[in-house]
Structure formats: structure tokens, C-alpha cells
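Heads up: the structure comes next, in C-alpha cells.
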Amino acid sequence: DSHKHKDKYKDKEHKHKDHKKDKEREKSKYSNRYDVTVIHSYGRYIGADSSSSDLFGDMVQITNALVLALCTAVLVACVGMLVYILPSLCFFIPFRWEEERYTDGVKWKFLEHKGPVFAPPYEPLPSNVKFYYDGKHMKLSPGAEEVATFFAKMLDHEYTTKDVFRKNFFKDWRKEMTSEEKSKLADLNKCDFSEMSEYFKAQSEARKAMTKEEKLKIKEENERILQEYGFCVMDNHKERIANFRIEPPGLFRGRGDHPKMGMLKRRIRPEDIIINCSKDSKHPKPPPGTKWKEVRHDNKVTWLVSWTENIQGSIKYIMLNPSSRIKGEKDWQKYEMARRLKKCVDRIRAQYREDWKSKEMRIRQRAVALYFIDKLALRAGNEKEEGETADTVGCCSLRVEHLTLHQEMDGQEYVVEFDFLGKDSIRYYNKVPVEKRVFKNLQLFMEDKEPEDDLFDRLNTSILNKHLQELMDGLTAKVFRTYNASITLQQQLNELTTSEDNVPAKILSYNRANRAVAILCNHQRAPPKTFEKSMQNLQTKIDAKKEQLADAKRELKSAKADAKVRRDEKSKKAVESKKKAVQRIEEQLMKLEVQATDREENKQIALGTSKLNYLDPRISVAWCKKLGVPIEKIYNKTQREKFAWAIDMAEKDYEF
DNA sequence: TCACCTACTTAGCATGAAGCAG
DNA sequence: CTGCTTCATGCTAAGTAGGTGA
């Protein structure tokens, strides 16, 4: 606690300094606003493994060289002091950033951007593209025609045949019709969109067949828009915006069995848009002749633009790219939270095991749910409004019908069979042996209930998270997923990789470790449409390579024989080069075989989600450094940008 | 406690660009 | 250079979680 006090004392000092710096910033803001580095070092922001984060963070922001030099001197002194008390401080440091730099949830001090890019206006169809009703040509009003084209574009998709989709679509389409159209067009089945559909197909073909110059022109135009609208300035940093384009109108297609599929997603106009930026910034201008719904200056949030979507009535946002400071820091904090859980997970596990025996039903339910979340990495499972979305569940919203209890199964005792649709209507199917106590509790929870009744009728995510909050500050259900994913990766990497392996073998091991996590988190994908074919192609390549290897070996043999007879330099050299050739081909073959294994094992599993959202990147960075694997083999360009902070700060001995 | 609202992360898929063999 | 495959990226839906006020 005394350290905490010291820390706070320091904070005050820093704030005072900050104030001066603010003034400096104020002065230089207009002249220097764009004169800032895009790439910033997270090592500095977040601290050389979490010390002195804010101090250095400020340093980056100051463009004035003199101030910078002065600060450096002060900082060196401060860092010296910090290092002295560092060991005991470590626990607090991850959260110092928020506490010190921006108190009370302030997310930024300055924010300037150009606003969103709107969807291009509707271009009416050429008059030769006709729509037919009941076999007769009918010219549609522009409003009705636009919505009709949305349907026409989807004609090849299976869901345009679904009843719900067609019903929702037709209902919303009618709203856009003139009264004349409304009275004529009574039956969707009599509508013929095929000419429209053909027209769009032809257009997409034409796009593909464009000349290089035309394609280049489009690319340049996109680049121009990106440069103009794709960046903002947040606290003296030019940052990339994630989604600066407004979602175009179209037909809503939810995932799974969605009750609202086929509804019209309406066009967003400037009048729907709320702009968020700082007061002292140059405000984005609405398109000529239009107005924003509102311009606000809320620095307690991170979004730049928002609007309300008409399908669910939810709010959509324009926010920054994952490479931005604000997202990177949040990401880092997420993993620090998971690491804190690592320190007390044993205690928490002991606690919930104890709670299985509680005399209170709500505590038993809470404990069993937490056990599932921990052991199976299930999602929390918030309640959902019935009929508004697809029927999916998470842990707390599991129903009796989603699990089957087996006293004994395949030689194992107390097996629970899970079968339910989770997020994105992805099926979770798993047979898990559980402890007897859990099994007995489940029997109790399911007693006298209908299949559609809640399994945990005395529990919801809010209750669970309140309990977790008491066990560890800041703990919520989703932290378990992050924790278990990351710890699994680390363990698997330790188990699977050896430094003697070559790089392709190491990468296979990495992917296998990654795969173990993806399986744990149930990250599935539809097998790629071209999967079988691409497997075959790979096999053909392998066969060819094998033949090539046999040839090379034969040649080596004869070269050896030749060298034995001749005993001259030239033939010796020939043997050497043949040897090298064999080696090279062996390596190539092995690479191909590894690739085939990897791909086969990956058929229905998506690695990207866990890599991007659950695995502490510092584990991967450290692994790469330790085993001499180039980071590019693990992370592509985007991923390296997102994880710049980790690449910067993790050393080879980093431990999650 | 509940309904509702807001802000933010996590998710799979379609598309288009890049890469590669022939 | 072409045509095909593979991969990265964009898109946006669908979650989590916390707040508010009745």
C-alpha cells in the first residue's frame, strides 16, 4: 500500500508536468498536427515491459525538440527511481496507464477527422434491363427498382428461396413502392428478376475484364479516398480508421436461422450521422446541402462517427484500426488481465469446486457454470430477446435440451453431451467427462424441467460477473477464454517444438498449437469450396517431387562412382553439387508434406480468430525469437501492425 | 430486478489482390 | 503473360459487459 501511495504522489507531479506539456501542445497543434510519426513504439507507450509507460508516452507526443531534451533528463531520473521500486509495483503497472494518463475514462484530448464516406447513390438500370411481373414487362419507380436490384443480386443464394427471407423482403419492398406498384405487385413468386440478375453478372464480368489502366485508375481513386478519409488525428498521432465507409443499403442477411433475414437495410444519410470529434478540431463537413444529425465532443468514448441501424435498432460505429494506440493499449490490457487471472486461477478453481457443495442452489449453479466456462472455454451467454435474433446460446443461457447426461459412455463415467448453437449459429458439439459432483448437480438442475427451460434458472451473466468481480478485480467471464487460450498456446508450444527442428517443422508445430486453441474455442469454418481439389494438387506436387528426388539420388550415385574412378577435382565437385541437389529436394519434399498435413488438419478449423483475439501475441513473438523463426512466418503484415506493441516489447524469455 | 441503451470486442464469410505454375 | 489458386482484407453481424433509471 505504501508503494501505492508513493505512486499516487508521483502521479500528481506528472499531472502538473502534463499541464505544461498541454500548453506546448496547444501551441503547436495547428502547425504540427500532421507532422507526426504514424508508427509509434509501443515499447514506449506501454513501457519497457510495463514500466514508466505514461512518461514515455508523452514523450512521443511532443514535437518540440527542446522540451523533449529537457523531459528526457527528468525522465531518466524518474525511471531510475521507478526501477528501484519496480518489483513491488508490477502488479499495479498494467493499469497505471488508464489511471494516470487519462483519469475518469477520458480516451483522448484531441480528435480530428473528415467524417465518413457515404455509399454511392443509386444508379438506375438502363432501360433495356427489364423487370417482369406475371410475364408482363413493368417499369419500376426508382425507389422500388433499387430494392428490387438488391434481391436480384442475391438470386443465386440459397436464402432467397427461404420463406422467411422472401416474406420479410416482400414486406419491406412494398413499403418502397408507389401505390400503383403496390396494387399491381401482389405476389413475389410472379416477379421475374432474371434480366436484372443477368445484367449484374455481366457487369461483374466486365469489371474483371477491364484493362490494366482502368484497374489502376480505380485503385488510385481508392487510394485517394483512403488518404483523405482513412485517417484521423488523435492526440497528435495520425491513426488509421478501421471502417470509414458507411455500410451501403441492401438486404439484411443474419447468420443462421435469423427471423429478420431479407429485411431492407436502409440507406444511411448525413442526417442519420452523429459526428464525434474534439471541440477545437476542424469539424468534418456534411455533403453539400445536407446536415449531420449531431456533432458532439465526447472524449469518454473512442468512436468518430455513429448511426442507428434499422434492423435491430442498434448503434453502429466508426472506430480506429487495431494498429492504433487506443486499440493496442486496450488489447494489451486484456492480456494483462488474463495474466492476472493466471496468478489466482487456482484459488478460483478451488472456490468453485467448494461451491458445488453449497446448500444454495444459485451458488451451485454459478459454480457449475463457471466450471464450464473455465474448462470448456464457453462464452458467457447473455440473454437475448426472443424472435429478434437467431436462437443461439452461451453458458448462462443453456437450456435443458442442449445437454444430455450419460451415467456411462464409451467406458467413461459421468459424460455430458453438449449440442447447441453458439455465436454465429456455429454448432458446439462435445462429449465431456465431468466430475461426479458436477454430474449430480446437473441432474438436480434438470429435474422436473421441460427441454426448453433454462438449465441455470437462478443465474445470468450479470450475477456471474458480479461474483467474478469479487474474486478478482476486473474479472469477467470472457477473461477465462482469453486466459485458457493463451495458456494453452504457451503449453502446446513448449510441448511441441524443439530447437533442432527446421523452420517448416517449427511452423507446423506452431500451427498445431494454434489449432489446439481454435478447437478449444470452437472456431470453425466451412471447408473451403476448393478444398478437395487443392489437396489433390498438393499430392500431385508431392508425387512429382518424390520422383525428382529419386532421380537426383540416382545421379548422385553415378557421380560418386564416377569420382571413384577418375579421382580428379572436377568429379569431386560434381559429387558435392549433386549432394546439395539431393538435400535441397529433400527439404522441398518435406516442406510440401508438412504443408499437406497442416492443410488437412485445418480443413474445418479457423485459426485466424484465436490468433487475432485470444492469443497473447507476446507468446508468439517470444517463441519466434527463441527458436529463430522470422515473425513474418507467423504474422502477416496486418497482424504485425496490430501486434506492433508486442513485437516491440516481448523478449525471448517472455512468459505469459 | 428488469428493460433498455451504449460501447466495445469477437466472428465467419465473400471478395478481390497477390502469387504462382505453365 | 495468363489463368488458376491462395491469401489477405473488408465487411458487418453477433457477441460481451457495464450503465441507467423506473
Side-chain angles (χ1 to χ4, degrees), chain A residues 105 107 154 157 204 207-208 212 215 218-219 222 226 230 242-248 250 252-256 258 260-261 265 274 276 298 300-303 306 308-309 311-322 326-327 330-331 333-334 373 379-385 388-390 392-397 421-426 460-466 468-469 474-482 485 518 521-526 528-531 533-538 540-541 544 595 599 605-614 635-639 641-642:
Chain A
K107 303 287 168 53
M154 297 176 128
H157 277 108
S204 106
R207 225 173 303 127
K208 275 183 213 155
K212 255 192 224 146
K215 281 183 181 167
I218 292 173
K219 205 176 167 183
N222 280 336
L226 172 69
N243 55 325
F244 56 89
R245 286 173 198 275
I246 299 283
E247 295 171 19
F252 176 82
R253 167 59 186 158
R255 317 243 168 97
H258 198 116
K260 297 194 172 181
M261 64 169 84
K265 199 169 103 166
I274 302 173
N276 193 32
D298 182 357
K300 303 262 172 67
V301 296
T302 67
W303 53 268
S306 75
T308 302
E309 153 268 354
I311 304 290
Q312 314 281 359
S314 66
I315 308 169
K316 299 259 183 167
Y317 303 94
I318 291 182
M319 290 182 187
L320 297 192
N321 202 60
I326 205 147
K327 293 288 182 189
K330 201 75 190 296
D331 207 34
Q333 283 180 10
K334 174 180 77 186
I373 283 170
R379 295 187 186 82
N382 283 321
E383 305 96 301
K384 305 169 72 185
E385 224 174 320
E388 295 290 302
T389 58
T392 62
V393 297
C395 184
C396 295
S397 50
L421 296 181
K423 181 175 178 180
D424 293 319
S425 294
I426 297 289
N460 59 40
T461 52
S462 168
I463 295 169
L464 178 65
N465 281 333
K466 273 197 190 99
L468 293 175
Q469 198 65 242
L475 186 62
T476 63
K478 83 199 256 294
V479 179
F480 282 86
R481 244 166 108 82
T482 313
C521 295
N522 200 39
H523 292 142
Q524 296 188 29
R525 63 165 183 179
K529 288 185 187 82
T530 54
F531 184 83
K533 206 164 133 201
S534 91
M535 259 343 257
Q536 256 172 26
N537 287 348
L538 202 52
T540 317
K541 272 195 209 168
Q595 208 184 341
R599 194 175 296 177
I605 297 165
L607 300 185
T609 304
S610 50
K611 201 186 240 187
L612 232 47
N613 300 303
Y614 289 103
Y635 291 141
N636 67 31
K637 186 170 138 282
T638 322
Q639 294 168 159
E641 278 166 14
K642 169 165 180 175

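Chain identifiers are assigned alphabetically (A, B, ...) following the order of the sequence lines, protein sequences preceding nucleic acid strands; residue numbering begins at 1 within each chain.
The nucleotide whose nearest atom lies closest to any side-chain atom of A/Lys334 is, among B/dA7, C/dA13, B/dT10, B/dT10. Distance from the side chain of A/Lys265 is smallest to C/dA13 among C/dA13, C/dG15, B/dA11. When distances are taken from the side chain of A/Thr476 to each of C/dA17, B/dA11, C/dG15, the shortest belongs to C/dA17. Taking only side-chain atoms of A/Ile315, from C-beta outward, the nucleotide of C/dT12, B/dA11, B/dA7 with the closest atom is B/dA7.
For A/Ser314, no side-chain nitrogen or oxygen approaches OP1 or OP2 of B/dT6 to under 4.0 Å. Distances shown here put every side-chain N or O of A/Arg245 at or beyond 4.0 Å from the OP1 or OP2 atom of C/dT12. For A/Lys107, a side-chain nitrogen or oxygen approaches OP1 or OP2 of B/dC8 to under 4.0 Å. For B/dT9, neither phosphate oxygen OP1 nor OP2 lies less than 4.0 angstrom from any side-chain nitrogen or oxygen of A/Asn613. Contact annotation: A/Thr609 side-chain N/O to B/dA11 OP1/OP2 distance is not under 4.0 Å. Note on A/His258: every side-chain N or O is 4.0 Å or more away from OP1 and OP2 of C/dA13. Between A/Lys327 and B/dC8 there is no side-chain polar atom (N or O) within less than 4.0 angstrom of OP1 or OP2.
With sequence neighbours left out, A/Arg525 forms a side-chain hydrogen bond (donor to acceptor under 3.5 Å, both in side chains) with no residue at all.
A residue-by-residue look at A/Ala380 and A/Arg253 shows that A/Arg253 has its nearest nucleotide of DNA chain C further toward the 5' end. Nucleotides of DNA chain C nearest to A/Gln312 and A/Asn636 differ in position, and the one nearer the 5' end is that of A/Asn636. When the nearest nucleotides of DNA chain B are assigned to A/Asn460 and A/Lys208 by heavy-atom distance, the more 5′-ward of the two goes with A/Asn460. Nearest-nucleotide positions on DNA chain B place A/Gly313 closer to the 5' end than the other of A/Gly313 and A/Thr482.
Counting to the nearest Å, the P atom of B/dT1 and the CD atom of A/Glu383 are 12 Å from each other. Rounded to an integer number of Å, the gap from CG of A/Asn321 to C1' of C/dG10 is 11 Å. C/dT12 atom P lies 12 Å from atom CZ of A/Phe252, rounded to whole Å. The CE-C1' distance, from A/Met319 to C/dT12, rounds to 13 Å in whole Å. One atom, CG of A/Asp424, and another, P of C/dA14, lie 7 Å apart when rounded to the nearest Å. Summarising the geometry, the separation between NZ on A/Lys215 and C1' on B/dA18 is reported as 12 Å, rounded to the nearest angstrom. Residue A/Lys637 contributes atom NZ, which lies 17 Å from atom P of C/dC7 at whole-angstrom precision. In this structure, the OH atom of A/Tyr614 is 8 Å from the C1' atom of B/dA11, given to the nearest Å.
Counting only distance, with no hydrogens or angles, the side chain of A/Lys327 and the backbone of A/Met319 share no donor-acceptor pair below 3.5 Å. Side chain of A/Asn243 to backbone of A/Tyr317: a donor-acceptor contact under 3.5 angstrom is found. Using a distance-only test at 3.5 Å, with no hydrogens or angles considered, a donor-acceptor pair links the side chain of A/Lys215 to the main chain of A/Lys208. Remark: side-chain polar atoms of A/Gln469 are paired, donor with acceptor, to backbone N or O of A/Gly474 under 3.5 angstrom.
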All N/O contacts under 3.5 Å from nucleotides 13-15 of chain B to the protein, with atom names and distances to one decimal?
from   : atom 1 : to       : atom 2 : distance (Å)
B/dC13 : OP2    : A/Ala526 : N      : 3.4

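Counting non-hydrogen atoms under 4.0 angstrom, A/Lys423 reaches a base of the nucleic acid. When heavy atoms are screened at a 4.0 angstrom cut-off, A/Lys330 is found touching the sugar-phosphate backbone but no base atom. Using a 4.0 Å heavy-atom criterion, one finds that A/Tyr317 contacts the bases of the nucleic acid, with or without backbone contacts as well. Residue-level contact check: A/Gly608 touches neither bases nor backbone, having no heavy atom under 4.0 Å from any strand. Across all strands shown, A/Thr302 has heavy atoms under 4.0 Å from sugar-phosphate atoms exclusively, and none from any base. At a threshold of 4.0 angstrom between heavy atoms, the contacts of A/Thr392 are confined to the sugar-phosphate backbone, with no base atom among them. Among the atoms of the strands shown, only primed sugar atoms or phosphate atoms (P, OP1, OP2) are found under 4.0 Å from some heavy atom of A/Ala477. Heavy atoms of A/Gly394 sit nowhere under 4.0 angstrom from any nucleic acid atom. Using a 4.0 Å heavy-atom criterion, one finds that A/Asn382 contacts the bases of the nucleic acid, with or without backbone contacts as well.
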Note to self: Please determine whether side chain to side chain contact (heavy atoms under 4.5 Å, CB included) holds for the pair A/Phe480 and A/Leu475, giving the CA-CA distance in whole Å, both sets of side-chain angles, and the decisive distance to 0.1 Å.
What the structure shows: CA-CA 9 Å; A/Phe480 282 86; A/Leu475 186 62; 4.0 Å; yes

Next item on the list: Any chance you could lay out the side chain to side chain contact (heavy atoms under 4.5 Å, CB included) test for A/Cys521 and A/Thr609, step after step, and finish with the verdict?
Entry: CA-CA 9 Å; A/Cys521 295; A/Thr609 304; over 6 Å; no

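Where the helix from B/dT1-C/dA22 to B/dG22-C/dC1 starts and where it ends, the local axes point in directions that differ by 10°; five pairs per end, rounded to 10°.
Taking each heavy atom of A/Ile315 and A/Ser306 in turn, the nearest pair found is CG2-CB, 3.9 Å. Minimum interatomic distance between A/Arg599 and A/Phe531 (heavy atoms only, all atoms of both residues): O-CE1, 3.5 Å. Shortest non-hydrogen contact noted between A/Asn222 and A/Arg245 is OD1-NH2, 3.8 Å. Taking both residues in full, the closest heavy atoms of A/Lys260 and A/Ile311 are given as NZ-O, 2.9 Å, listed atom of the first, atom of the second, then distance. Shown here for A/Lys384 and A/Thr392, the closest heavy-atom pair between the two residues is NZ-OG1, 2.6 Å.
Below the 3.5 angstrom threshold, one finds no donor paired with an acceptor across the side chain of A/Lys316 and the base of C/dT12.
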